[in-house]
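The analysis underlying the following values was restricted to heavy atoms, covering all of them including side chains, and did not include hydrogens, waters or symmetry mates. Because the structure is predicted, anything quoted here is derived from the model rather than measured.
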Amino acid sequence: MNELLTRSAIELGSLVRSAELSARELVEASLRRIDELDSEIGAFTYVAGDAALEAADAVGPDDPRPFAGVPIAVKDNRAVAGMPLTMCSDLFGDLVPRHDAFVVRRLREAGFVIVGKTKLPEMGILPTTESRRFGPTRNPWALDRTPGGSSGGSAAAVAAGMVPIAHGNDGGGSIRIPAACCGLVGLKPSRGRVSLGPELGDAFLLCEGVLARTVADTAAVLDRLAGYEPGDTTWAPPPPAPFAELAEREPGRLRVGVAMDPPLEGTVVDPICEQAAADAAMLLESLGHDVGEVSPPWSQQNILSDFTRLWAPLISMTTMISGRLRGRPATEDDVEPLTWLMWENAQSTNSLDVLAAEAKMKSLARTLVAFLDQYDVVLTPALARRPVEIGEIHGRGPDPWGNYRRSSHFTPFTAICNVTGQPAIALPLYHGGDGLPLAVQLIGRPSREDVLLSVAAQLEQALPWAERLAPPVATS
């Protein structure tokens, strides 16, 4: 049973519907695996054992939902009725919402059984997962390394075989970074593809998705999450057919641009990360695609400062709202030093400076999307470094802003896609000599997840990765 939860969510749903496996057996396996491993991995903030078993008992073999009885974890920055919502911050205290976020409601409607909430860095700020409130989440491939962030708990839970798939979201790479660190598939959908309700009508940077082992699972779940909800202020156009169907189609001969220069000046890219992208380029060429180097005009911009002028107020809105939920203003003791510095920065920033930064980001997005339109897909390294050691990047200590800047040079290739709104996917094509996964990123045209998923499935068939299991999964 240990490797049961490393099978695809599609397959597990089929086993439940065919009565080869009951939903209760599947959820019990997940809860048992969490109990065995989470003291070591630290993926969860909350485990909903009784509620999950009750939900599983309501699932029968005649349930028509595609993922009926399949266990899933939800990142602890989205509301799940009856479960704590902490944002991994002391400020949130013991808040328990009475409603589901729309993305959670859609997961339930697809048949998933929620077994718990997963860790993130406080407020989702950093690309590592080491909050003061809950402690670090560790990478199942190497326990001294980060699983990435901010959806690090979700990625670690899937990589360790605690759940076959997990919810995540992405405001600067927070799905793709942990996918790259943990050997998973991580798709950032197009802006407006998945509703952010009921709390938000839209967001310039943020989108919802999952961490999965396969492209097929990623596409099938996207079909269930995507689509307009009443009150959404922006939404992506629907695909011409279900994403699951489009992912199975041959992509045809694509124009592929290979971009090795990171969008942040001063970033040094590890040669092994560059080599992964170069090898993927050769693989794509061998599959019949037209591949050539490209130098997007993203490294000529001061992206980090303008991005931070938008990111800090977004984080600080959460700080403000959580203080109101507590019935008092947030204090410095309530949050980690980096969160407090962002709060102070947001309060001292002129509103015109924020609007100017947003205008500059939108202008850059228009320029980049127009430039990249000559390519169907753009290939980059997923990360600039190997997964960093636990304790190297966090929101505490004497130099929180230094940690923030270092984090951007660890993950320079991801946030630009949140600025442009384009879909992007991290694929664990390779494995390094250090025993850690080695991923690349593919960037698609706006609203063309179908092309990304199709070429990703082609690469997966050429170099399958789903059978590569992290040591805790393989040996326990």
Side-chain angles (χ1 to χ4, degrees), residues 33-47 73-77 84-92 116-163 166-169 172-184 186 211 315 334-340 383 385-400 402-411 434-437 470-473 476:
R33 194 74 169 151
I34 294 168
D35 184 62
E36 290 170 356
L37 293 180
D38 203 45
S39 61
E40 189 174 34
I41 302 295
F44 284 82
T45 62
Y46 178 79
V47 179
V74 173
K75 186 177 176 180
D76 198 4
N77 64 352
L85 174 63
T86 73
M87 297 288 294
C88 288
S89 174
D90 294 329
L91 181 59
F92 271 70
K117 306 289 289 293
T118 56
K119 292 182 187 178
L120 59 148
E122 184 174 76
M123 307 294 186
I125 297 174
L126 290 170
T128 58
T129 303
E130 304 179 34
S131 73
R132 181 179 69 188
R133 179 168 180 176
F134 291 108
T137 300
R138 299 180 180 277
N139 192 323
W141 290 95
L143 297 180
D144 63 337
R145 300 301 181 105
T146 184
S150 63
S151 307
S154 288
V158 177
M162 300 181 195
V163 287
H167 161 263
N169 37 47
S174 291
I175 289 174
R176 290 159 289 155
I177 295 163
C181 290
C182 291
L184 305 173
L211 285 299
I315 296 299
D334 288 324
V335 295
E336 297 176 15
L338 178 57
T339 309
W340 188 251
L383 305 171
R385 294 179 56 190
R386 309 301 285 135
V388 299
E389 292 186 357
I390 298 291
E392 182 176 339
I393 296 173
H394 52 72
R396 303 175 298 283
D399 186 20
N403 273 263
Y404 179 73
R405 286 190 293 272
R406 282 199 300 278
S407 76
S408 67
H409 292 291
F410 168 40
T411 62
D434 56 6
L436 293 164
V473 176
S476 58

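No donor-acceptor distance shorter than 3.5 angstrom exists from the side chain of T129 to the backbone of S151, with no hydrogens or angles considered. At distances below 3.5 Å, at least one donor-acceptor pair connects side-chain atoms of D399 with backbone N or O atoms of G402. In terms of modelled atom types and a separation under 3.5 Å, the side chain of S150 and the main chain of P127 share no donor-acceptor contact. Looking at T411, its side chain does come within 3.5 Å of a backbone N or O of S407 through a donor-acceptor pair.
A heavy-atom distance below 4.5 Å is found between the side chains of K75 and S174. Side chains of M162 and F44 form a contact here, defined as non-hydrogen atoms less than 4.5 Å apart. Residues E122 and L91 are not in side-chain contact: their nearest non-hydrogen atoms beyond the backbone lie 4.5 Å or more apart. Annotation: side chain of S89 is in contact with side chain of M123 (closest heavy-atom distance under 4.5 Å). The closest side-chain heavy-atom distance from L338 to L126 is below 4.5 Å.
The pair E392-R385 meets the salt-bridge criterion, with a side-chain N (NZ, NE, NH1 or NH2) lying under 4.0 Å from an Asp/Glu carboxylate O. We find that R386 and D434 are joined by a salt bridge, their nearest charged nitrogen and carboxylate oxygen being less than 4.0 Å apart.
Taken from CZ in R133 to CG in D334, the straight-line distance is 11.0 Å, to the nearest 0.5 Å. For the atom pair CG of L436 and CG of L383, the computed distance is 10.5 Å after rounding to the nearest 0.5 Å. To the nearest 0.5 angstrom, H394 atom NE2 is 13.5 Å from I125 atom CD1. To the nearest 0.5 Å, atom CD1 of residue I393 and atom OG of residue S408 are 8.5 Å apart. Note that CG of N403 and CZ of R405 are 9.5 Å apart. Values are rounded to the nearest 0.5 Å. The CD1 atom of I390 sits 4.5 Å away from the CD atom of E130 when rounded to the nearest 0.5 Å.
Between the side chains of S154 and T118, a donor-acceptor pair is found at a separation under 3.5 Å.
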Evaluate F134 against T86 for side chain to side chain contact (heavy atoms under 4.5 Å, CB included), listing each step before the verdict.
CA-CA 10 Å; F134 291 108; T86 73; 3.4 Å; yes
Before you tell me yes or no, could you show the steps for N139 and T146 under side chain to side chain contact (heavy atoms under 4.5 Å, CB included), namely the whole-Å CA-CA distance, both residues' side-chain angles and the distance that decides it to 0.1 Å?
CA-CA 5 Å; N139 192 323; T146 184; over 6 Å; no
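Between A155 and P147, the shortest heavy-atom contact is CB-O, 4.4 Å. Between C181 and W141, the shortest heavy-atom distance links the atoms O-CD1, 4.4 Å. When all heavy atoms are compared, the tightest approach of A159 to C182 is CB-O, 3.7 Å. Here the closest heavy-atom approach between residue R132 and residue D90 is recorded as NH2-OD2, 3.1 Å. Scanning all heavy atoms of the two residues, the minimum distance from K119 to T137 falls at CD-OG1, 3.2 Å. The two residues E389 and R145 have their closest heavy-atom pair at CG-NE, 3.7 Å.
Just one of T45, D76, N77 meets the side-chain hydrogen bond (donor to acceptor under 3.5 Å, both in side chains) condition when paired with K117; it is D76.
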